[in-house]
Structures are given as C-alpha cells and as structure tokens.
2 protein chains.
Amino acid sequence: MKRIAESTVRRLSLYLRFLEDFEERGLATISSDELAARGGTTSAQVRKDLSFFGSFGKRGLGYAVPELASRLRDILGLGREWHVIIIGAGKIGSALAQYRGFTQRGFHVVGVYDSDPAKIGKRIDGFSVRDLATLERDVAREDVDIAVLTVPAEAAQQVVTRVVKAGIGAVMNFAPVQLHVPEHIALKNVNMAMELEGLSFALANRTGLDE
Amino acid sequence: MKRIAESTVRRLSLYLRFLEDFEERGLATISSDELAARGGTTSAQVRKDLSFFGSFGKRGLGYAVPELASRLRDILGLGREWHVIIIGAGKIGSALAQYRGFTQRGFHVVGVYDSDPAKIGKRIDGFSVRDLATLERDVAREDVDIAVLTVPAEAAQQVVTRVVKAGIGAVMNFAPVQLHVPEHIALKNVNMAMELEGLSFALANRTGLDE
DNA sequence: ACATGTGAACTGCTTCACAGCG
DNA sequence: CGCTGTGAAGCAGTTCACATGT
C-alpha cells in the first residue's frame, strides 16, 4: 500500500466523527463539500483523502453516509477491539484509565502499571495497578496492542524500550521527551508543554495558527 | 515578521528542552548536529529553523548553550508569565490543574471553571472552582491569556465563542470536536481519540509513523 | 445539471551542498 | 579545518480544474 500522510489519517478520523453524527440524525447522503465545511478543509481535500483508498461516492450525488462511515472504520482499523495498557498510574494515567471515550471507540484498557510500591495493588476504576516488573510476562499472554506511557520523563526511554522488546507495536507517549524507537513501531507524542509553547509563540508574535 | 511553520515552532520547543538539559549539565557549546541527533531531525533542519530568527551560532564552533536557550525562550514568548484558565473541572481538567509542568514553564493557572452546581465551590489543588457564568466578569479584570477547554463536546463551541468574545486570544481544546474561531485566535487541539485512531490505522496497515 | 475522482499545477517544508567565517 | 548560514533543488501535501459518470 502507498504511504499515507499523517495529516490524511487525522482528517479521516475527523470525517468519521462527522459521519457518525449524520448517521445518528438519519441523513442518507453527504457531499464532499459538506464534510469539508464541517472539518475546516476543502472539498478537493476530502475527495483526495478518500481517493487513496477507493471510490466510495456517487457522481452527482455524494456519499452514502452509513457506507462511507463503515469504510472509514475499516480503513482506520476500528473494526476490532484494541488492547491498551497504561504505564504510569499518576494523575494523567489514572484520568486516562477512567476516560470513557477510550472504550467507546474500541480501545479496551486491559491493564494499568506502575513501579511505585505505594501504588501497586491500588484500585483505579476497577483495575488493580500491576507491578511494572510483570510487564513482559503479562504481555506475553495477554496480547497487548498499544501502550500508553504516562511515566516521568527520566523513565520514559527505558520503559518504551522494554515495551517494544515485549512485542507491542504502538505507543502513545505523554512524557515530555523525544523517544527513540525502531522504524516499524508506531509512535505518537502528546506533549502538553509543547502545545502550550506553541500558543505562547503565537501570542508573543500575534500570529494565528488555527488548525 | 515572516510566517513560521507550526512544525518549526514545535522543534524550537524541543531544542529548548535539550538546551536546558545541557545547561544543567554545564555544557558550554552545542552543534546543530548534536541537537539534531537528540531530536530525531537533521543538522540542516536545525540551522534552518534557527535562521528564521537570526544567526546565533559561531562558525566552526557551534552554539553557546545558555545564549541559545535564552534566545529560544524569547522567541517562544517564555520570558513572561502567561495566565491560564481551565474550563471544565472534570477528570482531565482537574488533572491539568494539578499538573506541575504547567507552572514550571511559566503557565500560571489563575482559575478553574465549571457550570455544574455540584462542582462549583469545590476545591481542586488550591483552586475554588468558579461558576462559568462569571467568566466574562473575571476575564475583564484578571488579564487571562490562554483558555484550556476540557468541557463536553456538545458545549465546546458555545464555550469557545464566549471565551473569544471575552477577549482571550489563545485556546487549547481537549474536546473531541472541531472548533471554529476567528482567524486571529491561536487554537491548538489535543484529541486523544484521534491520536489513538492514528495508532489503530498504523497497526491495521503495519505502517510506522514515528514522529 | 451536479458532484465525484484525478492528473497537473502549485505551494511550502525539507534536504542538499557549498560559500563564508571563526 | 569545522560548523554555521543560506540560496537552490527536491519532495510532499494541497489546490486547481476538468473529464467522467449518474
């Protein structure tokens, strides 16, 4: 398959969200124009994004809402349930473990880990916090797809190395450090400080940077 | 001033983090090559990024660490303290209000808001949760720079409209919706679900998308 | 007539390669 | 000589514009 730009994938996520909204409201078809307006992009962009994966529309008409939604779910790999572990049972980790939007979209948290003895064994939203030392053993038999890292910056690289070695192929990193992982591992960074500094830059330079 | 790419600003944030690390360890100079290796980019990229703002290096030598760090702080607008309000005192909002990294980098939380009577008046890490109804009045006299939105998706657009009208120029949106704001407002979206779907896509298509 | 699907043109970010200077 | 600073080249993502299908 051709390489798909990250920006394209983000937009597909967005389109899917709109389509699900339309689906609920019982709308049958939607045009690239309407999707674009809602997502703050252009109709050409919408059509181009979809065209990488096939021809889902009807000329002169638009797209069948439920069908396109279904195709997007397939493309995004949302047809199945993904198993997620959260490493780091601090404030953010705990908030994420309880986050509804996770489960709603097929991301099932199967474990929460920490290395702090004071936290191990504690209950968080139904999960008993596990000892990070058991990571490798657990992963070997539990089939984990995604690891969410909410550990301190100092520990993050070491933890991600273990995670990768354990065979997990996707990582979402909340620690404010740049992680180095092998080419074939999918890595996403969520870096609060960096986002804030982006806003700070915009304010200091009076530049809009609307997304 | 010339328009600066968002990707450039992100990297500047990153460079600054490395420089502060080097600063602590007492290193005097650093080359674009070393910065690049650490940040997963190229030396040419580093030099190009910096060149938009001036010539900070010494040929044959590299960059003076404390000086470059200081210049970057200026560029990123980190020389001053920014006043932040958090709107939405749910799980994420509360976690953010208590987040150390905020204050550490000059982002000072001056208020937490909610519209739920059950939450108003409650204490979160030293803040008494305020009634969202008082937003406009408070902002008028408190000089708020940045609003962080951790409200439900349905409320987000309405809230951001009020925030903008109240005169706040920068918004960080955690709600999983696309917000529409005037051109001159700086807006950043942090969308967990979308990030996860990016990972899901990568897993489903066995594509790396390392950042 | 209307809206999709897509090569072609365009824009802008990244990489190259080298002149310039310590 | 080493490393910066930067025009020029290369490349990737976006936008244009129109042929195509209903």
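All values reported here derive from a predicted model rather than from experimental measurement. All chains are named by letter (A, B, ...) in the order of the sequence lines, taking the proteins before the strands, and each is independently numbered beginning at 1.
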How many whole angstroms separate atom [atom1] of [X] from atom [atom2] of [N]?
| X | N | atom1 | atom2 | result |
| --- | --- | --- | --- | --- |
| B:Tyr63 | D:dG2 | OH | P | 17 Å |
| B:Leu35 | D:dC3 | CG | P | 13 Å |
| A:Phe56 | C:dA3 | CZ | P | 20 Å |
| A:Leu68 | C:dT4 | CG | P | 11 Å |
| B:Glu67 | D:dT4 | CD | P | 13 Å |
| A:Arg47 | C:dA8 | CZ | P | 17 Å |
| B:Asp49 | D:dT6 | CG | C1' | 13 Å |
| A:Lys58 | D:dT20 | NZ | C1' | 16 Å |

Considering only [options], which nucleotide approaches the side chain of [X] most closely?
| X | options | value |
| --- | --- | --- |
| B:Ala44 | D:dG5, C:dA17, C:dC13 | C:dA17 |
| A:Gln45 | D:dG13, C:dT6, D:dT15 | D:dT15 |
| B:Thr8 | C:dT4, C:dT14, D:dG13 | C:dT14 |

Before giving the answer on side chain to side chain contact (heavy atoms under 4.5 Å, CB included), spell out for B:Ile75 and A:Glu197 the whole-Å C-alpha distance, their side-chain angles and the decisive distance to 0.1 Å. CA-CA 10 Å; B:Ile75 292 165; A:Glu197 286 172 24; over 6 Å; no
What distance separates A:Ser43 OG from A:Asp33 CG, expressed to the nearest 0.5 Å?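 Taking OG in A:Ser43 and CG in A:Asp33, the distance rounds to 4.5 Å.
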Using a heavy-atom cut-off of 4.0 Å across all strands, would you classify B:Thr41 as base, sugar-phosphate, or nothing?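 Counting heavy atoms under 4.0 Å across all strands, no contact is made by B:Thr41.
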Indicate, with a heavy-atom threshold strictly under 4.0 Å, whether B:Ser43 touches base, sugar-phosphate, or nothing.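 Since no nucleic acid heavy atom lies under 4.0 Å of B:Ser43, the category is nothing.
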Looking only at the side chains, is there a donor atom on one of A:Gln45 and A:Asp49 sitting less than 3.5 Å from an acceptor on the other?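 Result is yes, a qualifying pair exists.
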Suppose we call a contact any N or O donor and acceptor under 3.5 Å apart; does that hold for the side chain of A:Arg59 and the base of D:dT22?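 Such a pair does not exist between side chain and base.
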Got a salt bridge between B:Asp21 and B:Arg38, using NZ or NE/NH1/NH2 to carboxylate O under 4.0 Å?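 Yes.
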May I ask you to decide whether A:Arg11 forms a salt bridge with A:Glu6, counting only side-chain N to carboxylate O separations under 4.0 Å?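 Salt bridge: no.
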With DNA chain D as reference, determine whether B:Gly60 or B:Ser51 sits nearer its 5' end, using the nearest nucleotide of each.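 The residue mapped nearer the 5' terminus is B:Gly60.
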Quick one: is [N] close enough that its OP1 or OP2 comes under 4.0 Å of any side-chain N or O from [X]?
| X | N | answer |
| --- | --- | --- |
| A:Thr42 | D:dT15 | yes |
| A:Ser31 | C:dA3 | no |
| B:Arg11 | C:dT14 | yes |
| A:Ser55 | C:dT4 | no |

